[in-house]
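Shown next, in C-alpha cells, is the structure this report addresses.
Lettering follows sequence order; numbering is per chain, from 1. Since the structure is predicted, the reported quantities are computational estimates derived from the model, not experimental observations.
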Number of protein chains: 2
Amino acid sequence: MATRTYDPQEFPPFAVTVDMVVLTMSRGRLHVLLVRRGVAPFKGMWAIPGGFKRPRESLLEAAQRELLEETGVDGADLLRQLGAYGDPDRDPRMNVVTVAYFAVLRDVQGIAGGTDAAAAALVPVSEALGEDFEPLAFDHGRILRDAIERIRADLILTGIATAFVGRTFTLAELRAVYEEAWGVRIDGANFRRSVLADEGWVIPTGRRAPSGSAGGKPAELYRAGRKWRHGTPIRPGRPNGTRRRESR
Amino acid sequence: MATRTYDPQEFPPFAVTVDMVVLTMSRGRLHVLLVRRGVAPFKGMWAIPGGFKRPRESLLEAAQRELLEETGVDGADLLRQLGAYGDPDRDPRMNVVTVAYFAVLRDVQGIAGGTDAAAAALVPVSEALGEDFEPLAFDHGRILRDAIERIRADLILTGIATAFVGRTFTLAELRAVYEEAWGVRIDGANFRRSVLADEGWVIPTGRRAPSGSAGGKPAELYRAGRKWRHGTPIRPGRPNGTRRRESR
DNA sequence: CAGGTTCTTGTGGAAATGACCATATCAATG
DNA sequence: CATTGATATGGTCATTTCCACAAGAACCTG
C-alpha cells in the first residue's frame, strides 16, 4: 500500500526508552560510564545508563533528563543521537524500543560523584569491549560498539574532539584525543601546524600548563575557537603503506 | 537513580513506526520518493512512505518489508538507519515514535511501477525542500533534510556513491553523484585519475556505453570494486578561491 | 650542572591537488 | 561527406599539502 493504514488500536504498544553512552577521556584513554543494574532483567550486570521516555517530552529531552539524573551534568548540546534499537527479544519481558544517545564529557569527577559510586564506574572502552570483560546487559555491547564507530566518524566530520578536553587545553591533550580514538600516532609538530595554520581553531591564552611529572617544557594553553562548530582541521592519515615503526 | 526503575505498566505505551527516505539519481538530479497520504492525519499531503512496526520483527526487518511493499525492491543491504523522531506532538492522534531509514536505489522504473502511480512520485530533492513546495506531512520535512545531510557525510566516509549507479556505469555517471550531492564541479580528468590510481575501485568491463544524444566519445563501462565497502577515493574539495590565472 | 622530557620551530622530499591543454571518438547537422 | 559540437581520455605543470625527521628551547629532577 502506498498509504499507511492508520488505526493505532490494531498495533500492540511498545515501551520506549533512551540509553546513553557517556564517554570521557581519562589519563589518555577513552572511558565509558557503566552502571550496575539493580533490578531484573539482567540484574547485577553492567549496562549503560538510561530510562523510560515520558509521553510529554521529546527524545532529546528524555536523554537530557537522564543525563542530569545520572551524572549531574546539564547539557543538551553535548548529546547526539546514535540510533534506535528494536529487536523483538532485546528485552525478555516486553517489546522495548530504545533510542541511544551519546555524550562526550570532560569533568570526570562530577560523573562519579553524581551517582552511587558502587553502582557506577568509568571503564576503559578497550576493556569494556574486550573478550575478557563480562557481557553488557541487553544489546548494550552493540550500542557501545556503534558509539565508538560514530565517534571515529564524528572526529572526521565535526569538531567533537574539543568536547573531550577542558575549556583550556594543550595541543598535546587535543592530539591525544585523535590518537586514542583512531589508534594512530600523529606527529606533534605536524599536528601543531595544522591547527595553527588558520585562525579560529585554537586561541592562545598566554598561560602555560604545569609540566608533567616527567618534566619537559610546559605547553601553552589554548581555548577552542569557533571553527570547531563546522568541522575539524585534522584529517585521518592515509592508510598508506608508508607506516613507520610502531615505537612500542 | 543509577538503575532504571523497571515497571512497564507505569509507562504509557507508544506506537512505533518506520519511515523511509528513498533516494535515487534521475537525469543527473537527486530525487526522493513521496506518496500522497490517503487517510488522516495529514490526508492528501505528501509524505515519505512508512508503516507500523510489528511486534515480532526488528526495525530493519520492518523497514525492509515496507520497502518491498512500497517499491517492490528487496534489499536490506540498501537500508541504513537515519535516526529516531519522537516529539510528543509530531502525530496529533497519539504518541508515535518513528525510526527513519534511508535507501539509495537506481532502478527508477521499478519504483513508480510498484505502487499506485497517482499516489507516488519521484520529486527532485531541491524542489521538495524548496520554499515553494507544499510542506510534508508530520515532521517528514526535517527527516528529509537530515537524510540529505547524512548522504553528504556518507559520500565522504563510505562508498555509498556506487549505490546510485547501476551495476555497470561510466565514470561520468559516478562523478555526477558527487557533483549533485555536494553541489560542486569536479574535473573529469582529475576524477578519473583518483579512481583509477589504485586497483579495486573500478574494474573496466571492456564494453562501452552508448553516446548520449549530444554525441561525444562513448565512455567505458566499469564495475564497482570491493574497496567501496570500506570507503571512497573521492574527497570533498576545499573551499576553492586560491589563486587565479597569473603565472607566466 | 647534567641528563632527560616535552614543547616548538625548521626543513626537505613525497604525494596529492587543481587547472589546463591536446587528442580521440562519437552524434548531429547542413 | 565535411563540419561542428560534445564528451571521454591522456598528459603536463605549478602549487599545495602531507609526513618524517632534525634541531633548538624550555623546563623538571637529581
Side-chain angles (χ1 to χ4, degrees), chain A residues 28 156 165 168-176 178-179 182 184-198 201-202 204-222 231-248, chain B residues 27-28 156 165 168-176 178-179 182 184-198 201-222 231-248:
Chain A
I156 298 174
V165 298
T168 66
F169 52 89
T170 69
L171 296 188
E173 287 174 345
L174 188 62
R175 177 165 53 93
Y178 291 93
E179 291 185 329
W182 286 342
V184 298
R185 211 194 78 81
I186 302 175
D187 184 272
N190 295 330
F191 182 88
R192 175 188 187 77
R193 258 190 296 272
S194 296
V195 294
L196 288 179
D198 294 304
W201 293 113
V202 294
T205 65
R207 297 183 309 143
R208 292 182 166 278
S211 293
S213 61
K217 180 176 177 177
E220 191 167 2
L221 285 172
Y222 295 88
T232 169
I234 305 302
R235 300 217 271 182
R238 52 183 100 129
N240 199 342
T242 54
R243 274 279 163 271
R244 277 286 168 280
R245 62 235 169 83
E246 289 301 314
S247 77
R248 173 177 284 264
Chain B
R27 282 168 295 126
I156 299 174
V165 297
T168 66
F169 53 88
T170 69
L171 296 189
E173 286 173 346
L174 188 62
R175 177 165 53 94
Y178 290 94
E179 290 185 329
W182 286 344
V184 298
R185 211 196 78 81
I186 304 176
D187 183 88
N190 294 331
F191 182 88
R192 175 188 187 77
R193 261 185 303 115
S194 296
V195 294
L196 289 177
D198 294 306
W201 292 114
V202 293
I203 305 166
T205 65
R207 298 184 307 144
R208 291 183 167 278
S211 294
S213 61
K217 182 175 176 177
E220 189 164 4
L221 285 171
Y222 295 87
T232 169
I234 305 303
R235 301 219 259 180
R238 301 193 198 320
N240 199 349
T242 50
R243 94 245 117 210
R244 260 283 157 258
R245 81 318 249 326
E246 196 241 305
S247 70
R248 194 177 315 263

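- Straight-line distance from the CD1 atom of I234(A) to the C1' atom of dT17(D): 13 Å, rounded to whole Å.
- No side-chain heavy atom of V184(A) sits less than 4.5 Å from a side-chain heavy atom of P236(A).
- Judged by distance alone, with hydrogens and angles left aside, R193(A) brings a side-chain donor or acceptor within reach of the base of dG10(C), the pair sitting under 3.5 Å.
- Rounded to an integer number of Å, the gap from F191(B) CZ to dA19(C) C1' is 17 Å.
- Of all nucleotides listed (dC19(D), dC27(D), dA27(C)), dA27(C) comes nearest to the side chain of S211(B).
- Taking atom CG on D187(B) and atom C1' on dT17(C), their separation rounds to 11 Å, with Å as the unit.
- A straight line from NZ of K217(B) to P of dA22(C) spans 17 Å, rounded to a whole angstrom.
- Across all strands shown, R175(B) has heavy atoms under 4.0 Å from sugar-phosphate atoms exclusively, and none from any base.
- Summarising the geometry, atom OH belonging to Y222(B) is positioned 11.5 Å from atom CD1 belonging to I203(B); distances are rounded to the nearest 0.5 Å.
- Note: CZ (R192(B)) to C1' (dA24(C)) measures 12 Å, nearest angstrom.
- Within the 3.5 Å criterion, the main-chain N or O of L171(B) finds no donor-acceptor partner in the side chain of R192(B).
- Nearest-nucleotide positions on DNA chain C place A219(A) closer to the 5' end than the other of A219(A) and R208(B).
- If you take CG on L174(B) and OG1 on T232(B), they are separated by 8.0 Å, rounding to the nearest 0.5 Å.
- As rounded to whole Å, 9 Å separates atom C1' of dA16(C) from atom CZ of R235(A).
- Counting only heavy atoms from C-beta on, N190(A) has its side chain closest to dC19(D) among dT25(C), dC19(D), dC7(C).
- Within 4.0 Å (heavy atoms only), A189(A) reaches at least one base atom of the nucleic acid.
- Between F169(A) atom CZ and dT6(C) atom P the separation is 20 Å, expressed in whole Å.
- When rounded to the nearest whole Å, the span between CD of E220(B) and P of dT9(D) equals 6 Å.
- One distance of note links CD of E179(A) with CD1 of I234(A); it measures 10.5 Å at 0.5 Å rounding.
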